[in-house]
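Atoms considered below: every heavy atom in the structure, side chains included; atoms not considered: hydrogens, waters and symmetry mates.
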Amino acid sequence: MIRKLSLLLVLPLLTLLSVATPGPLEAPTRTLTLSVDNIRTASGTIWVGVYTSEDDFLDREKARLVAAKVNAAGRVYIEIPDMMIGKEYALGLFHDVNDNGEFDLNWLGLPSEPWAFSGTPKTRLRLPYFNEVSFRVDGMTPGKMVRLRKW
């Protein structure tokens, strides 16, 4: 009898505790401010691909895309929200000057529109590797700066 009573008292308490227990903790995030310099044409859109690993790097289908309209030459600031603190990222971007939604290439297969990465590639003779241009988001750095290049 005492055993049944103790079970009747304990079960509702366990139910309350299981409801009140918080779920898994989510990693803290922040908004990264990207400064894009060397904009020479006051038109089009700057497309930023946000990549999280070597497996998705430079794959447009797997990228998180952020776009910013260009209204003036010089510099533009782009806000990239929900960047997890402590996580490695790489950014690949281009200035879609003619606003056709594509990264245009010339007849040799070289970029005809300005481009940049979040780090400096070791060579211009091949696409960079994720670990060459990646960076870690922390809570202290106010932003990231890149400079558009032409081939």
Peer 1: Judged by atom type as modelled, is there a donor-acceptor pair below 3.5 Å linking the side chain of D56 to the main-chain atoms of S53?
Peer 2: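 Pair found, side chain donor or acceptor close to backbone of S53.
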Peer 1: Counting only heavy atoms from other residues, nucleotides and ligands, does the tally under 6.0 Å from CZ of R124 exceed 12?
Peer 2: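 Counting other residues, nucleotides and ligands, CZ of R124 exceeds 12 neighbours.
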Peer 1: With a 4.5 Å cut-off on side-chain heavy-atom distances among I, L, V, M, F, W and Y, is there a chain of contacts connecting F103 to L58?
Peer 2: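 Shared cluster, yes.
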Peer 1: Just wondering, do L93 and L148 contact through their side chains at under 4.5 Å, heavy atoms?
Peer 2: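 Of all side-chain heavy-atom pairs linking L93 with L148, at least one is under 4.5 Å.
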Peer 1: Rounded to the nearest 0.5 Å, how far does CG of L91 lie from CG of L34?
Peer 2: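 CG of L91 is found 6.0 Å from CG of L34.
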Peer 1: Do K87 and V137 have side-chain heavy atoms sitting under 4.5 Å apart?
Peer 2: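 A side-chain contact is absent here, since even the closest heavy-atom pair is not under 4.5 Å.
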Peer 1: Can V133 be reached from F94 by stepping across I, L, V, M, F, W or Y side chains whose heavy atoms are under 4.5 Å apart?
Peer 2: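 Linked within one cluster.
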Peer 1: Distance check, rounded to the nearest 0.5 Å: Y129 atom OH versus K122 atom NZ?
Peer 2: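 These two atoms lie 9.5 Å from each other.
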Peer 1: Between A63 and G49, what is the shortest heavy-atom contact and its length?
Peer 2: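 Residues A63 and G49, closest heavy atoms: CB-CA, 4.3 Å.
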Peer 1: Working to the nearest 0.5 Å, report the span between CG of D138 and CG of L32.
Peer 2: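 With rounding to 0.5 Å, CG (D138) is 10.0 Å from CG (L32).
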Peer 1: On the 0 to 90° scale, with breaks at 30° and 60°, tag the F57-F117 ring pair as parallel, tilted or perpendicular.
Peer 2: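 If you compare the ring of F57 with that of F117, the planes turn out tilted.
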Peer 1: Can you confirm whether K150 is buried at NZ, in the sense that more than 12 heavy atoms of other residues, nucleotides or ligands lie under 6.0 Å from that atom?
Peer 2: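 Correct, the count exceeds 12.
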Peer 1: Who pairs with R147 by salt bridge (charged side-chain N to carboxylate O under 4.0 Å, His left out), at least two apart in sequence or on another chain?
Peer 2: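 Scan of R147 (salt bridge (charged side-chain N to carboxylate O under 4.0 Å, His left out), adjacent residues dropped) gives none.
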Peer 1: Minimum heavy-atom separation for Y51 and G92, please, with both atom names.
Peer 2: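 Of all heavy-atom pairs spanning Y51 and G92, the closest is CE1-N, 4.0 Å.
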Peer 1: Within the supplied structure, the quantity of interest is the number of heavy atoms (other residues, nucleotides, ligands) at a distance under 6.0 Å from F135 CZ; does it exceed 12?
Peer 2: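 Above 12, so yes.
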Peer 1: Minimum heavy-atom separation for P114 to V97, with atom names?
Peer 2: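 Closest approach of P114 to V97, heavy atoms only: CD-CG2, 4.0 Å.
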Peer 1: Please report the closest heavy-atom contact between S118 and A90, naming both atoms and the distance.
Peer 2: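 Looks like OG-CA, 3.6 Å.
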Peer 1: With rounding to the nearest 0.5 angstrom, report the NE2 to CH2 distance, H95 to W47.
Peer 2: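 Those atoms lie 12.0 Å apart.
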Peer 1: Restricting to non-hydrogen atoms, name the atom on P111 and the atom on W115 that form the minimum distance, rounded to 0.1 Å.
Peer 2: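 So the minimum-distance heavy-atom pair works out to CB-CD1, 3.7 Å.
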Peer 1: Test V36 against V70 for side chain to side chain contact (heavy atoms under 4.5 Å, CB included), laying out the working first.
Peer 2: CA-CA 11 Å; V36 182; V70 176; over 6 Å; no
Peer 1: Taking a hydrophobic cluster as the set of Ile, Leu, Val, Met, Phe, Trp and Tyr residues connected by side-chain heavy atoms closer than 4.5 Å, whether directly or through intermediates, do F130 and V50 fall within one such cluster?
Peer 2: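 Hydrophobic grouping puts F130 apart from V50.
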Peer 1: Is a side-chain donor-acceptor pair under 3.5 Å present for T45 with D99?
Peer 2: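 There is such a pair between these side chains.
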Peer 1: Would you say D96's side chain and G101's backbone share a donor-acceptor pair under 3.5 angstrom?
Peer 2: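 Answer holds: yes.
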Peer 1: Using a 3.5 Å cut-off and no angle test, enumerate the donor-acceptor pairs between side-chain atoms of residues 77-86 and protein atoms at least two apart in sequence or in another chain.
Peer 2:
residue: Y77; atom: OH; partner: R75; partner atom: NH1; Å: 3.3
residue: E79; atom: OE2; partner: T33; partner atom: OG1; Å: 3.1

Peer 1: Below 4.5 Å, heavy atoms only, C-beta onward: do R149 and N38 meet side chain to side chain?
Peer 2: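 R149 vs N38: side chains apart.
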Peer 1: Looking only at non-hydrogen atoms, find the nearest pair between N98 and E113 and report the distance.
Peer 2: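 Here N98 and E113 meet closest at OD1-OE2, 3.2 Å.
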